[in-house]
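Note sheet for the following structure.
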Amino acid sequence: MVSAKAQKSLARRHPWIFSGAVQKQDPAIEAGATVAVRAADGRFLAWGAYSPQSQIRARVWSFDEDKDIGPAFFQDRIRSALQVRRTLPLLSPCTALRLINAESDSLPGLIVDRYADFLVCQFLSAGAHFWKADILQQLRELVPVKGVYERSDAEVRTKEGLGLESGLLWGEMPPERIEVQWGQIRLWADVIHGHKTGLYLDQRENQAQVTDFAKDAEVLNCFSYTGGFGLWALRGGAAHVTQIDASAEVVSLARENATLNGLENQPVEYVVGNVFDQLRAYRDRRRQFDLIILDPPKFVASAAQMNKGCRGYKDINLLAFKLLRPGGILMTFSCSGLVEPALFQKIVADAAIDAGRHARLIAPLSQGADHPVALNFPEGHYLKGHICLVDG
Ligand code: SAH
């Protein structure tokens with residue numbers, strides 16, 4: 001039984017019920033089991049997955065009382081997520097993409113990514129975890145692949161009282177590296193050890209956009225991971241690319257990705273280091289660039305990190321503005337869901353002012369279309385960015 005406030009939120013089809021909104025609950029219910037969510041007067045509101053340890057006490061599977069939450073329900077939802085993917089405007093060919101995007105595909109807590117002949121899954125909520133075997137069965141029937149691998153080793157699982165798990169769920173073990181294609185580039189994906197499920201799939205279309213600004217440019221790709229933005233810059237005719245990341249493993253994969261694309265003889269410098277220090281070092285040496293990409297990790301993972309995280313965004317953007325030649329381009333991102341688009345734009349604006357530069361936003365950037373944001377779930381919009389043009 002939930003509060004009037006939660007009732008309103010459910011009427012707007014928001015899929016989360018917070019612990020504070022629950023007025024009466026049966027303490028014997030097992031984590032992940034399906035519960036009927038009811039109004040104070042007993043009226044049915046939704047079927048939800050119960051999560052006794054989480055602040056998000058239940059996540060809605062369905063608002064339809066007649067739905068039976070079970071194999072046929074999951075088959076239906078998975079089928080419709082797959083159907084949507086067939087019509088999305090993605091780079092072509094595209095052999096690595098998100099097939100199921102959790103709440104935004106009406107399957108809270110469930111992520112399913114495809115890497116060529118393999119699926120990589122994350123069961124991030126008590127409910128998704130509870131139905132793992134049935135979901136796996138449906139995926140096997142609906143998506144013909146060689147193997148299904150689990151990467152439920154994301155920290156958010158601990159908030160649901162779940163441990164971190166990864167390993168083969170079905171079929172063949174994925175190779176250490178899977179070759180995938182995104183439009184004009186190929187990439188090695190390490191789905192076993194890589195970040196997230198192997199690649200930052202949400203950046204695919206943004207990476208391709210650097211070709212518009214790369215011709216003859218000196219490019220600095222900060223937080224490069226395995227080098228996607230830099231590879232596209234080379235495809236776009238960049239004069240020189242610097243790829244910086246703190247992790248030696250991912251930088252070595254970035255090098256191998258250049259080879260995979262026949263770009264190993266192009267002018268690329270690889271730097272294993274801290275972007276903050278490196279940007280300061282460039283500033284002190286008066287090194288300049290024509291195009292800078294800033295795609296940092298999530299600086300704000302909780303409200304407590306807000307001030308420090310925002311300072312981090314401001315620092316790197318300020319330094320980047322200082323390093324750009326007149327007429328240069330800054331492509332800057334934040335993947336912190338808690339930093340709303342208006343706040344991020346203000347941080348970038350403050351950074352330009354403090355750097356003494358005048359700049360204009362020429363295009364907004366977001367997560368790829370295979371990471372859709374359900375209108376009833378605005379929290380799903382976490383990645384935002386800008387292309388900024390600095391005055392000549
Ligand atoms: N742009 C990439 C994704 C970047 S993810 C792509 O499109 O594929 C963020 C990356 O930042 C990770 O690879 C992580 O290793 C790196 N990183 C985190 N903190 C860093 C720091 N202080 N300096 C340099 N790299 C850092």
Side-chain angles (χ1 to χ4, degrees), residues 90-91 94 96-98 113 115 154-155 177-178 180-183 185-191 193-211 214 219-236 241-258 260-261 268-282 291-301 305 308-309 311-317 319-320 330-337 339 365-368 370-371 382-387:
L90 303 179
L91 287 182
C94 175
L97 74 160
R98 178 147 299 182
D113 292 341
Y115 289 86
E155 277 303 317
R177 276 161 204 195
I178 300 175
V180 301
Q181 188 160 6
W182 281 353
I185 67 164
R186 290 170 188 280
L187 291 168
W188 291 116
D190 178 348
V191 302
H193 312 103
H195 298 185
K196 306 229 268 185
T197 59
L199 288 176
Y200 289 85
L201 303 174
D202 50 1
Q203 287 288 23
R204 182 182 46 245
E205 278 70 28
N206 295 329
Q207 289 181 1
Q209 280 211 46
V210 303
T211 51
V219 180
L220 178 61
N221 181 19
C222 298
F223 310 96
S224 70
Y225 192 51
T226 56
F229 281 100
L231 294 170
W232 277 103
L234 293 171
R235 280 275 181 266
V241 173
T242 305
Q243 309 257 39
I244 311 180
D245 199 283
S247 151
E249 290 88 59
V250 307
V251 170
S252 105
L253 210 46
R255 253 180 220 280
E256 295 189 41
N257 279 331
L260 182 64
N261 287 277
V268 184
E269 186 187 348
Y270 298 91
V271 179
V272 177
N274 183 327
V275 165
F276 289 81
D277 299 339
Q278 201 62 34
L279 290 174
R280 282 191 200 100
Y282 288 140
L291 168 59
I292 299 179
I293 297 124
L294 293 177
D295 182 24
K298 198 196 273 184
F299 285 164
V300 182
Q305 294 171 354
K308 184 158 181 278
R311 269 203 306 280
Y313 287 122
K314 165 101 181 275
D315 283 351
I316 53 174
N317 281 278
L319 287 161
L330 173 64
M331 210 179 213
T332 182
F333 296 94
S334 162
C335 63
S336 305
V339 176
L365 300 168
S366 186
Q367 59 218 53
D370 54 336
H371 296 59
Y382 61 96
L383 181 65
K384 59 255 148 211
H386 290 293
I387 300 179

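The figures here come from the full heavy-atom set of this structure, side chains too, leaving out hydrogens, waters and symmetry mates. Bear in mind that the values here come from a model prediction, so they are computed numbers and not experimental data. Counting convention: from 1, in listed order, for ligands and their atoms alike.
- Under 4.0 Å is where a charged nitrogen must lie from a carboxylate oxygen, and between R98 and D113 at least one such pair does.
- Residue contacts with ligand 1 leave out G227, since none of its heavy atoms falls under 4.0 Å from the ligand.
- With hydrogens and angles ignored, the 3.5 Å screen pairs no side-chain donor or acceptor of K196 with any backbone N or O of A154.
- Proximity of Y200 to ligand 1, defined as any heavy-atom pair under 4.0 Å, is confined to the side chain (atoms from C-beta onward).
- Looking only at protein heavy atoms, the nearest one to atom 13 (O) of ligand 1 is D245 OD2, 2.6 Å.
- Using 4.0 Å as the threshold, G228 has no heavy atom nearer than that to any atom of ligand 1.
- In terms of protein heavy-atom proximity, atom 23 (N) of ligand 1 is nearest to V275 N, 2.9 Å.
- Within ligand 1, the atoms closer than 4.0 Å to a non-hydrogen atom of Q203 are 7 (O), numbered from 1 in the order shown.
- Ligand 1 places these atoms under 4.0 Å from at least one heavy atom of Y225: 2 (C), 3 (C), 4 (C), 8 (O), 13 (O).
- N257 places a side-chain N or O within 3.5 Å of a backbone atom of W188 that can act as its donor or acceptor partner.
- The H195 neighbourhood of ligand 1 comprises atoms 12 (C), 13 (O), 14 (C), 15 (O), with distances under 4.0 Å to a heavy atom of that residue.
- Protein heavy atom in closest approach to atom 25 (N) of ligand 1: A246 N, 3.0 Å.
- Within the structure, ligand 1 lacks Q278 among the residues with a heavy atom less than 4.0 angstrom away.
- Only the backbone of S224 comes within 4.0 Å of ligand 1, judged by heavy-atom distances.
- Distance CD1/I185 to CD/Q207: 5.0 Å, rounded to 0.5 Å.
- The closest non-hydrogen atom to atom 22 (N) of ligand 1, taken over N274, V250, L231, comes from N274.
- For atom 26 (C) of ligand 1, the closest non-hydrogen atom on the protein side is F223 CD2, 3.4 Å.
- Between I244 atom CD1 and N274 atom CG the span is 9.5 Å, to the nearest 0.5 Å.
- Taken to the nearest 0.5 Å, the CG atom of N221 stands 10.5 Å off from the OH atom of Y270.
- Between the side chains of Y200 and D295, no donor N or O sits under 3.5 Å from an acceptor N or O.
- When atom types are taken as modelled, the side chain of E256 and the backbone of A258 share no donor-acceptor pair closer than 3.5 angstrom.
- Distance from atom 19 (N) of ligand 1 to its nearest protein heavy atom, with residue and atom name: P297 CG, 3.8 Å.
- Listed here is the closest heavy atom pair of L383 and C335: CD1-CB, 3.9 Å.
- Near G273, the atoms of ligand 1 lying under 4.0 angstrom from a non-hydrogen atom of the residue are 23 (N), 24 (C).
- A donor-acceptor contact closer than 3.5 angstrom is absent between the side chains of T332 and Y313.
- Listed by number with element, the atoms of ligand 1 under 4.0 angstrom from any heavy atom of F229 are 1 (N), 7 (O).
- For atom 9 (C) of ligand 1, the nearest non-hydrogen atom of the protein is D295 O, 3.7 Å.
- Residues Y382 and D202 come closest through the heavy atom pair OH-OD2, 2.8 Å.
- Nearest protein heavy-atom neighbour of atom 6 (C) of ligand 1: Q207 NE2, 3.6 Å.
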